[in-house]
Undergrad: 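One structure coming up, written as structure tokens, with questions to follow.
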Amino acid sequence: MNIGLFTDTYFPQVSGVATSIQTLRRQLEANGHKVYIFTSTDPKVKKGTLEPNVYRFASLPFVGFKDRRITYRGAIQAVQLAKKLELDLVHTQTEFSLGVIGKFVARQLKIPVVHTFHTNYEDYLHYIANGKIIRPGSVAVIARNFMAGMTGIISPSRQTYDTLTKYKVKAPIEIIPTGVNVLHGANEDTSAKLRGELGLAPDTPVVLSLGRVAFEKNLDDALSVFAEALETVPEAKFVIVGGGPAMEALQEHVSALEITDHVIFTGEVNHNDVYGYYKMGDVFVSASVSETQGLTFIEAMTADTPVVAIHSPYLDTIVTDKNIGQLVDDSFQLLEPMVSYLQAKEMGTVIGNPDARQQVLHEIDERTFGKRVIDFYAEALAVYHEEEDTEAAEANDVEYSKTFLLRNPFRRDNS
């Protein structure tokens, strides 16, 4: 198959969506398929940089998300390119600019279009005029209208599936959790080098957070709990890997807690070092309640780093043994398991059953993920009908496009 992945977010942007798309691309190509990325320009990619099978369209920073991009032209060029590449199927990964262009391409070529719904936008509305423009009810309208006419929808988790059902999305939905690489070579473990660079001794207990440093991640709560943990494990360090809009506020929070000497902010890091950071941690901690799939959690699991996080429909299915991690009801309950895993590091003890981890690794293996998506594509091709009312579908797409191109389209709740 020749597959077009349409996304506003792609490397070198750092996000779970970008990682998910790269994983999917790698698995599709490993199974003999041709993959073409249609994405936005990025100031970090110098003009003239050679990116095989990656096509970038002119873009601007998205309002409220300065590190995310929105494409403002290129639909006709995308159609011409898709015809030349002889795409068999379009897979959109965004509800915004490239997603709309992807749907347009599929209509023009009369091929199936499937979509992965990555983000629960209700958790991010505060970034756009403090939630005064787009309201939660409007998110349902946006999602439902964008996914109208899709051949099929991929939901990364049961939580997302329930959200789409609540939104009354009519297209067929299948739950396919995003996979990760579980086969890491010894050369990928750069944890010893990283500890040296950060001034950490080999036996220093480390709490790790890796991902976008954003307010919805509730890192302030995790840090407050860590401050209490220091009373029991005074040598521990909290390493926060990543960058984002909450960085300054978190640094002030750390200062107020008087734990500056125990917290390290690395900023954004080279993607090739990510596995090393996971291996460096003795426990991966998150107080976030906004994750729809939580790639960072399962990436930590592949590094044998236990996860301490808040219960969610997705994590409940994979954190099934204390060797994998422990889930709690709220951030206040993070303390006990955090301390337990840090003390286990100091004493050299093993918590839980290692065999349980191996079973979970099979489920989150990127190869399992790739096979499930390829099967989904085959089903989409089998059920697709060219005689669809294209005119009505295109009219719906035009109306949808207007909703986010207009300056203030959500003046009232349309749910």
Side-chain angles (χ1 to χ4, degrees), residues 6-9 15-21 24 62 64-65 68 91-96 98-100 102-103 113-128 131 133-179 211-212 214-218 286-298 309-319 327 329-330 364 369 372-373 376 380 396 400 403-404 409-410 413-415:
F6 288 72
T7 174
D8 292 320
T9 304
S15 73
V17 174
T19 301
S20 173
I21 294 168
L24 176 58
F62 184 59
F65 292 87
R68 297 293 179 258
H91 187 168
T92 56
Q93 308 276 339
T94 171
E95 294 74 37
F96 297 99
L98 263 304
V100 174
K103 289 186 73 176
V113 53
V114 301
H115 180 65
T116 295
F117 189 76
H118 288 281
T119 305
N120 183 357
Y121 293 102
E122 292 183 31
D123 294 320
Y124 295 82
L125 297 183
H126 58 279
Y127 283 110
I128 307 176
I133 295 179
I134 304 178
R135 302 183 184 279
S138 300
V139 174
V141 175
I142 292 171
R144 186 165 60 246
N145 288 348
F146 176 78
M147 285 177 264
M150 287 286 179
T151 312
I153 309 294
I154 292 176
S155 166
S157 67
R158 166 59 63 176
Q159 179 181 356
T160 305
Y161 178 91
D162 292 341
T163 297
L164 293 175
T165 301
K166 181 182 71 174
Y167 290 168
K168 299 180 182 178
V169 171
K170 295 180 180 179
I173 307 170
E174 185 162 337
I175 300 174
I176 305 179
T178 300
R212 189 166 182 266
F215 294 100
E216 66 273 3
K217 303 299 183 181
N218 297 336
S286 171
S288 173
V289 295
S290 66
E291 306 298 331
T292 58
Q293 53 184 321
L295 282 180
T296 54
F297 300 135
I298 58 178
I310 309 296
H311 278 287
S312 76
Y314 175 57
L315 285 178
D316 285 346
T317 65
I318 58 175
V319 182
L327 303 178
D329 293 326
D330 56 52
I364 65 177
F369 166 61
R372 289 171 176 168
V373 174
F376 187 75
N396 176 79
Y400 170 79
T403 64
F404 71 86
F410 303 111
D413 195 322
N414 294 314
S415 62

Undergrad: How close do Gln93 and Val17 get, counting heavy atoms only, and between which atoms?
TA: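 Heavy atoms only, the tightest pair is O-CG1, 4.5 Å.
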
Undergrad: With a 3.5 Å cut-off and no angle check, do the side chains of Thr160 and Ser157 form a donor-acceptor pair?
TA: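 Thr160 vs Ser157: donor-acceptor pair found between side chains.
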
Undergrad: So which atom in Phe369 and which in Pro177 form the shortest heavy-atom distance, rounded to 0.1 Å?
TA: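 Closest pair (atom of Phe369, atom of Pro177, distance): CD1-O, 3.2 Å.
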
Undergrad: Test side chain to side chain contact (heavy atoms under 4.5 Å, CB included) on Ile298 and Tyr314 and set out the steps.
TA: CA-CA 11 Å; Ile298 58 178; Tyr314 175 57; 3.5 Å; yes

Undergrad: Are Ser286 and Phe297 side-chain neighbours, meaning at least one heavy-atom pair lies under 4.5 Å?
TA: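 Of all side-chain heavy-atom pairs linking Phe297 with Ser286, at least one is under 4.5 Å.
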
Undergrad: Taking all non-hydrogen atoms of both residues, which atom of Leu295 and which atom of Gly16 are closest, and how far apart?
TA: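 In this case the closest contact between Leu295 and Gly16 is CD1-O, 3.0 Å.
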
Undergrad: Grab the two heavy atoms, one from Phe146 and one from Lys103, that are nearest each other, plus how far apart they are.
TA: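 It is O-NZ, 2.5 Å.
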
Undergrad: Does some side-chain heavy atom of Ile318 sit less than 4.5 Å from a side-chain heavy atom of Leu315?
TA: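 A side-chain contact exists here, since the closest heavy-atom pair is under 4.5 Å.
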
Undergrad: Is the shortest heavy-atom distance from the side chain of Val169 to the side chain of Tyr161 under 4.5 Å?
TA: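 Of all side-chain heavy-atom pairs linking Tyr161 with Val169, none is under 4.5 Å.
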
Undergrad: Thr116 and Pro156: which non-hydrogen atoms are nearest, and at how many Å?
TA: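 Closest approach of Thr116 to Pro156: CG2-CG, 4.2 Å.
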
Undergrad: If you measure from CZ on Arg144 to NZ on Lys166, what distance do you get to the nearest 0.5 Å?
TA: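 Spacing of CZ (Arg144) from NZ (Lys166) equals 11.5 Å.
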
Undergrad: Between OG1 of Thr19 and CG of Leu24, what distance do you get to the nearest 0.5 Å?
TA: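 CG of Leu24 is found 12.5 Å from OG1 of Thr19.
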
Undergrad: Drop me the distance from Phe117's CZ to Ile173's CD1, to the nearest 0.5 angstrom.
TA: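 Answer for the CZ-CD1 pair, Phe117 versus Ile173, is 10.0 Å.
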
Undergrad: Applying side chain to side chain contact (heavy atoms under 4.5 Å, CB included) between His91 and each of Ile154, Val113, Ile21, report the one that passes.
TA: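 Exactly one pass, corresponding to Ile154.
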
Undergrad: May I ask you to decide if Leu98's main-chain N or O and Asp8's side chain share a donor-acceptor pair within less than 3.5 Å?
TA: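 Checked: pair present.
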
Undergrad: Is a donor on one side and an acceptor on the other found under 3.5 Å between the side chain of Lys170 and the backbone of Gly149?
TA: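 Pair absent, no side-chain N/O of Lys170 close to backbone of Gly149.
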
Undergrad: Applying salt bridge (Lys or Arg N to Asp or Glu O under 4.0 Å), can you list everything that pairs with Asp162, at least two apart in sequence or on another chain?
TA: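 Only Arg158 meet the salt bridge (Lys or Arg N to Asp or Glu O under 4.0 Å) criterion with Asp162.
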
Undergrad: Any donor and acceptor pair, going by atom type alone, linking the side chain of Thr94 with main-chain N or O of Thr7 inside 3.5 Å?
TA: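 Between the backbone of Thr7 and the side chain of Thr94 there is no qualifying donor-acceptor contact (under 3.5 Å).
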
Undergrad: What heavy-atom pair brings Leu164 and Ser155 nearest, and what distance separates the two atoms?
TA: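 Where Leu164 meets Ser155 most closely, the heavy atoms are CD1-CB, 4.5 Å.
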
Undergrad: Measure the spacing between CD of Glu95 and CD1 of Ile142 and express it to the nearest 0.5 Å.
TA: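 Between Glu95 CD and Ile142 CD1, I get 9.0 Å after rounding to 0.5 Å.
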
Undergrad: Suppose we screen for side chain to side chain donor-acceptor pair (under 3.5 Å). Which residues come up paired with Thr92, at least two apart in sequence or across chains?
TA: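 His115.
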
Undergrad: With rounding to the nearest 0.5 Å, note down the distance linking CD in Gln159 to OG in Ser312.
TA: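 Here the rounded value is 5.5 Å.
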
Undergrad: Residues two or more places apart in sequence or in another chain: which of them pass side chain to side chain contact (heavy atoms under 4.5 Å, CB included) with Ile310?
TA: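 With sequence neighbours excluded, Ile310 shows a side chain to side chain contact (heavy atoms under 4.5 Å, CB included) to Val289, Val328, Leu334, given in chain and number order.
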
Undergrad: Quick one: are Ile153 and Val114 in side-chain contact, heavy atoms under 4.5 Å?
TA: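 Answer no - side chains too far apart.
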
